[in-house]
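One structure is given here, and the rest of the page talks about it.
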Amino acid sequence: MKNTVSTFQAAKDNGEKLTMLTCYDYSTAKIIDEAGVNSILVGDSLGNVILGYEDTVSVTMEDMIHHGAAVARGAKNCLVVIDMPFMSYQTSVYDAVVNAGRLMKEGRGNAVKLEGGVSVAPQIKAITQAGIPVVGHIGLTPQSINALGGNKVQGKSEEAAKKLIEDALAVQEAGAFAIVLEAIPAKLAALITKKLHIPTIGIGAGAECDGQVLVYQDMLGMFSDYVPKFVKKFADVGSVMKQAFTEYDKEVKEGAFPAEEHTFKINDEVLDKLY
Ligand code: KIV
């Protein structure tokens with residue numbers, strides 16, 4: 001059954017955990033979908049894990065639409081959330097609505113996600129009023145890496161924790177149907193989760209969030225440039241891939257691949273006429 005904003009709210013109301021994974025392509029979307037995961041986030045983390053940038057700042061609307069549409073074609077039951085890239089919504093409420101609309105129309109998402117709290121509440125309100133479901137994202141917000149001074153845990157001081165609570169409430173008040181809490185202390189995330197009636201999706205925010213999200217290359221051991229403390233490696237697919245690539249290289253060079261069963265045949269009479 002297709003996951004929707006109603007599925008998300010029902011999960012919160014019934015105390016059932018939600019799952020979300022990032023994804024950027026059709027084949028992987030199908031596998032995640034078949035695994036029964038509730039939601040796929042076409043994250044702007046594609047800047048890091050797909051495009052090899054050092055941060056998400058350079059990711060464009062065209063990147064998000066291109067990958068969003070590929071994922072949407074493979075996701076039957078997952079709720080597909082597409083990230084709004086840096087400077088596609090911060091500039092104005094008008095830009096936010098137009099760009100969220102493009103992610104829905106051209107990227108074929110079911111919802112959009114944007115980073116920030118009180119400061120982007122007008123954008124969240126306008127996008128939701130246009131009929132587009134919004135996921136908020138507070139705590140460590142990677143698009144603000146330059147302002148935050150690096151990938152640091154957020155909300156550790158009293159002042160910072162109060163600000164995060166205020167941001168979470170503003171995002172909810174503006175109409176978001178869920179909110180990602182990234183890299184904040186578990187007890188603060190638990191408190192925010194209790195205060196909100198919309199589901200919280202944690203990444204590095206402890207077990208008491210209503211759901212969890214991970215970057216799939218991280219949880220499959222496929223990306224080693226930077227592995228945050230909150231990542232659990234559920235499988236070492238990176239090593240399996242490397243071993244298979246090495247084997248392929250060896251077999252081709254030794255003449256072991258392709259073998260008889262991988263080749264097509266031609267009638268000898270036809271072949272004779274070619275000499
Ligand atoms: O872009 C992304 O992958 C994200 C997750 C880390 C939540 O925003």
Side-chain angles (χ1 to χ4, degrees), residues 8 18-25 28-29 32 37-61 63-68 70-71 75 78-90 99-100 103 107 109 111-117 120 124 133-145 148 150-155 164 167-168 171 176-184 189 192-193 198-206 209-220 222-223 225-232:
F8 266 55
L18 288 160
T19 49
M20 178 185 265
L21 284 172
T22 68
C23 180
Y24 320 93
D25 70 281
T28 313
I32 292 174
V37 171
N38 293 106
S39 177
I40 285 176
L41 170 65
V42 187
D44 61 355
S45 50
L46 75 84
N48 306 99
V49 296
I50 301 292
L51 302 175
Y53 298 140
E54 67 182 49
D55 54 44
T56 58
V57 167
S58 304
V59 176
T60 65
M61 277 295 295
D63 293 331
M64 297 313 300
I65 289 168
H66 183 74
H67 290 269
V71 166
C78 284
L79 176 89
V80 177
V81 181
I82 306 182
D83 255 341
M84 299 197 69
F86 184 55
M87 284 300 129
S88 68
Y89 58 94
Q90 291 94 339
N99 286 319
L103 295 177
V112 300
K113 177 168 83 59
L114 54 85
E115 297 180 4
V120 292
I124 295 174
V134 176
V135 178
H137 182 163
I138 62 168
L140 174 57
T141 45
Q143 291 176 16
S144 306
I145 184 111
L148 297 175
N151 289 316
K152 296 178 185 153
V153 177
Q154 302 295 304
L164 280 181
D167 281 336
V171 165
F177 75 94
I179 184 167
V180 168
L181 307 178
E182 179 165 354
I184 68 173
I192 293 173
T193 299
I198 58 171
T200 58
I201 310 294
I203 175 162
C209 294
D210 298 306
Q212 297 292 325
V213 56
L214 281 176
V215 170
Y216 95 77
Q217 281 85 349
D218 286 343
M219 57 96 74
L220 294 185
M222 292 169 64
F223 185 76
D225 288 6
Y226 168 69
V227 184
K229 168 188 159 96
F230 54 73
V231 168
K232 175 175 173 181

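All values below were derived from every heavy atom in this structure, side-chain atoms included, with hydrogens, water molecules and symmetry-related copies excluded. Counting starts at 1 for both ligands and their atoms, in listed order. Worth saying up front: this structure is predicted, and the values here are computed from it rather than measured. By convention here, the first residue in the shown sequence is residue 1.
Residues Ile201 and Phe8 form a side-chain contact, since some pair of their non-hydrogen atoms from C-beta on lies under 4.5 Å apart. Side-chain contact check for Val120 versus Glu115: every heavy-atom pair is 4.5 Å or farther apart. Between Val134 and Tyr89, every side-chain heavy-atom pair lies at or beyond the 4.5 Å cut-off. Side-chain contact between Val81 and Val42 is absent, with no heavy-atom pair separated by less than 4.5 Å. Taking the side chain as every heavy atom from C-beta outward, Ser45 and Gln217 never approach each other to under 4.5 Å. At a threshold of 4.5 Å between non-hydrogen side-chain atoms, the residues Asn48 and Thr56 count as touching.
Against a heavy-atom cut-off of under 4.0 Å, Glu182 is close to the following atoms of ligand 1: 6 (C). Proximity to Ile203 (heavy-atom distance under 4.0 Å) selects the following atoms of ligand 1: 6 (C). Atoms of ligand 1 lying under 4.0 Å from at least one heavy atom of Gly43, given by number and element, are 1 (O), 2 (C), 3 (O). Atoms of ligand 1 found under 4.0 Å from any heavy atom of Thr22 (numbered from 1 in listed order, with element): 3 (O). Distances below 4.0 Å separate heavy atoms of Asp83 from the following atoms of ligand 1: 1 (O), 2 (C), 8 (O).
The protein atom (non-hydrogen) at minimum distance from atom 4 (C) of ligand 1 is Leu41 CD2, 3.5 Å. The protein heavy atom nearest to atom 2 (C) of ligand 1 is Ser45 OG, 3.3 Å. The nearest heavy-atom contact from the protein to atom 8 (O) of ligand 1 is Lys113 NZ, 2.9 Å.
Under 3.5 Å, the side chains of Asp25 and Thr28 contain a donor-acceptor pair of N or O atoms.
Between Glu115 and ligand 1, not a single N/O pair is under 3.5 Å apart. Considering backbone and side-chain N/O atoms, Asp44 comes within less than 3.5 Å of an N/O atom of ligand 1.
For Thr56, no heavy-atom contact with ligand 1 is shorter than 4.0 Å.
For the side-chain contact (heavy atoms from CB on, under 4.5 Å) with Leu46, the qualifying choice from Thr22, Val215, Asp83, Leu51 is Leu51, the only one to do so.
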